[in-house]
Amino acid sequence: MSHLFTPLTLRGVTFSNRIFMAPMCQYSAKDGLPNDWHRTHYATRAIGGVGSIILEATAVTPEGRITAHDLGLWNDQQTEAMKPLVDNMVANGVVPGIQLAHAGRKGDSDVPWRGGKGMFSSDWKLLAPSAIAFDENHETPVEMSSDDMDAVEQAFVDAAKRSLQAGFKVVELHMAHGYLLHQFLSPLSNQRSDEYGGSLENRMRYPLRITKAVREVWPDDLPLFVRLSATDWAEDAWDLEQSIVLCRELKAMGVDLIDVSSGGLVGNVKIPLHPGYQVPFADEIKRQVEMPTGSVGLITEVIQAEQIVATGQADSIFLARELLRNPYWPQLAAKQLGADISWPPQYERAPF
Ligand SMILES: Cc1cc2nc3c(=O)[nH]c(=O)nc-3n(C[C@H](O)[C@H](O)[C@H](O)COP(=O)(O)O)c2cc1C
């Protein structure tokens, strides 16, 4: 019996397998709205047989976008436009999820394929815990006031409600990769002198406030995920030890799974990349905090993925680039592991 294809139940939601599509920004939206590109891109991965799709980082406010081309969920039109994407996932047996995000000081960037540098738009106010730029190619953000913090909290809550209206069954809060909530966690980007900066307890305060507020409006029978960077890969920065303390708090607040990534807060750090290089973080959090985790990062091989779940290092795997190369990877995995998953009748003449 394949472990990768053993269903996973979190609260009232059962995932038919443990291969989840990791959130991947397409930077292809206008006014935060999904279009034909998104519909085709997600439908293809849904047909491919993943257990869940976590839609790309979707901004909770316009200035919380990484680029002007990110998806957003701050108005009714966007909520309506998400519904066909969700319906398609459900029709293909995929649990629909969405990553809610605020880019903080990494907002107002150009798309990665044009270099990803800051655009320095005059009408884009970058918010962050402290007025420290991401790098010399990005604008210096404004230190968030208490009103700014209230407004962003409300935006996360509203976006969670809109996610529910659109039909999503999983919300994932983006606390990783150097975006706003991660900026609060790391002492490198958070140098506030109020109760939101300084000690670990203070740095965790705002991300936990957002989590609590979202959990309150996200239904009890639906799972809440958090994506975390387990380390900044830098000195005197965010690390695994602090991540474990944070995850204990997240678990107590009703977070159901930690999607464990790393890095993104500062550039120019050495990351020891190798297959499955982030698996030990998911493993450590799972064992020390005793909560479900997902592992992501350079997972490409079927046997590798099966072993991560079989050995209990993580409860699920999140695939990103491998699914861009091959949306039908779950079918390949099912074939290799002897699992029986559905394949559209239209494609039956091309079995794996
Ligand atoms: C095109 C692209 C877009 C991405 N966008 C997001 C995103 O929206 N949110 C996020 O948390 N990670 C994002 N990531 C990171 C992936 O989710 C994943 O963590 C990373 O690519 C490592 O996994 P992989 O080796 O399977 O690609 C993105 C990665 C790629 C390649």
Side-chain angles (χ1 to χ4, degrees), residues 4 18-29 32 34 37-38 41-42 44-45 48 50 52-60 64-73 82 85 97-104 106-107 109-116 159 163 168 170-183 185 207 225-231 233 257-265 271-282 293-302 304-305 308 314 316-327 329-330 332-333:
L4 206 51
R18 287 138 187 268
I19 306 165
F20 296 174
M21 178 177 175
M24 276 182 282
C25 278
Q26 298 299 293
Y27 306 112
S28 302
W37 174 265
H38 302 91
H41 170 69
Y42 288 110
T44 310
R45 274 80 208 167
V50 290
S52 183
I53 290 176
I54 306 295
L55 205 80
E56 65 198 80
T58 299
V60 299
R65 290 174 294 177
I66 305 166
T67 78
H69 312 286
D70 292 19
L71 288 180
L73 206 47
M82 288 288 186
L85 263 68
I98 182 169
Q99 187 183 53
L100 297 181
H102 190 299
K106 287 173 93 172
S109 297
D110 203 353
V111 295
W113 52 87
R114 283 197 296 261
S163 303
F168 289 102
V170 176
V171 157
E172 175 173 281
L173 295 175
H174 201 348
M175 255 179 227
H177 302 166
Y179 297 111
L180 183 71
L181 301 181
H182 185 182
Q183 289 160 31
L185 294 172
F225 293 3
V226 165
R227 178 168 264 207
L228 200 63
S229 281
T231 175
W233 299 109
L257 181 141
I258 308 290
D259 169 6
V260 190
S261 187
S262 74
L265 189 93
I271 302 182
L273 293 174
H274 57 85
Y277 70 107
Q278 293 174 150
V279 174
F281 299 135
T293 59
S295 184
V296 66
L298 289 178
I299 300 169
T300 56
E301 302 293 333
V302 172
Q304 175 196 16
I308 292 167
S316 68
I317 56 134
F318 286 75
L319 286 187
R321 288 164 295 179
E322 194 57 22
L323 278 179
L324 298 185
R325 293 181 199 107
N326 179 6
W329 192 94
L332 183 75

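Since the model is a prediction, treat every value here as computed from it, not as a measurement. One-based numbering, in listed order, for ligands and for the atoms of each.
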Task: Leu298-ligand 1 polar pair, N/O distance under 3.5 Å - done: yes
Open item on the list: Is the ring pair Phe20/Phe318 parallel, tilted or perpendicular, if the boundaries are 30 and 60 degrees?
Closed with: perpendicular
Task: Which of the ligand 1 atoms, numbered from 1, are nearer than 4.0 Å to a heavy atom of Ala22 - done: 17 (O)
TODO: Name all residues meeting the salt bridge (Lys or Arg N to Asp or Glu O under 4.0 Å) criterion together with Arg18; count only those two or more places apart in sequence or in a different chain, and write none if there are none.
DONE: none
Task: Residue part near ligand 1, for His177, under 4.0 Å between non-hydrogen atoms - done: side chain
Open item on the list: Main chain of Gly263, side chain of Ser229: is a donor-acceptor contact present, judged purely on distance under 3.5 Å?
Closed with: yes
Open item on the list: Could you identify the single nearest non-hydrogen protein atom to atom 19 (O) of ligand 1 and state the distance to 0.1 Å?
Closed with: Arg227 NH1, 3.1 Å
- [ ] Flag Gln99 as yes when one of its N or O atoms lies below 3.5 Å from any N or O atom of ligand 1, and as no otherwise.
- [x] yes
Open item on the list: Contact between ligand 1 and Ala176 is defined here as a heavy atom of the residue under 4.0 Å from a ligand atom; is it met?
Closed with: no
Task: Ala57 N/O under 3.5 Å from ligand 1 N/O - done: yes
TODO: Measure the distance from atom 1 (C) of ligand 1 to every protein heavy atom, then report the residue, atom name and distance (to 0.1 Å) of the closest one.
DONE: Cys25 O, 3.9 Å
Task: For atom 31 (C) of ligand 1, the protein heavy atom that lies nearest, with its residue and separation - done: Arg321 CG, 3.5 Å
- [ ] For atom CD of Gln304, decide whether the heavy atoms of other residues, nucleotides or ligands shown that lie under 6.0 angstrom number more than 12.
- [x] yes
- [ ] Please state whether the rings of His177 and Tyr179 are parallel, tilted or perpendicular, taking 30° and 60° as the class boundaries.
- [x] perpendicular
TODO: Using a 4.5 Å cut-off on heavy atoms from C-beta on, say whether the side chain of Leu257 contacts that of Thr293.
DONE: no
Open item on the list: Test your reading of the structure: does Ala320 have an N or O sitting under 3.5 Å from an N or O of ligand 1?
Closed with: yes
TODO: Measure the shortest side-chain to side-chain distance between Phe225 and Leu173 over non-hydrogen atoms and say whether it is less than 4.5 angstrom.
DONE: no
TODO: Would you mind listing which atoms of ligand 1 come within a distance below 4.0 Å of any non-hydrogen atom of His174?
DONE: 9 (N), 10 (C), 11 (O)
- [ ] Identify the residue among Thr300, Leu319, Val50 that makes a side chain to side chain contact (heavy atoms under 4.5 Å, CB included) with Trp329.
- [x] Leu319
Open item on the list: With heavy-atom distances below 4.0 Å as the criterion, list the atoms of ligand 1 near Val296.
Closed with: 18 (C), 19 (O), 23 (O)
Task: Shortest non-hydrogen separation from Ala101 to Ala57 and the atoms involved - done: CB-CB, 3.9 Å
Open item on the list: For atom 22 (C) of ligand 1, what is the closest protein heavy atom, and at what distance to 0.1 Å?
Closed with: Gly297 CA, 3.8 Å
TODO: Please state whether the rings of Tyr277 and His274 are parallel, tilted or perpendicular, taking 30° and 60° as the class boundaries.
DONE: perpendicular
Task: Option nearest atom 6 (C) of ligand 1 (shortest heavy-atom distance, choices Pro112, Pro23, Ser262) - done: Pro23
Open item on the list: Tell me whether Tyr27 has any N or O atom under 3.5 angstrom from an N or O of ligand 1.
Closed with: no
- [ ] Ignoring hydrogens, just give me the one of Glu322, Met175, Met24 whose non-hydrogen atom is nearest atom 29 (C) of ligand 1.
- [x] Met24
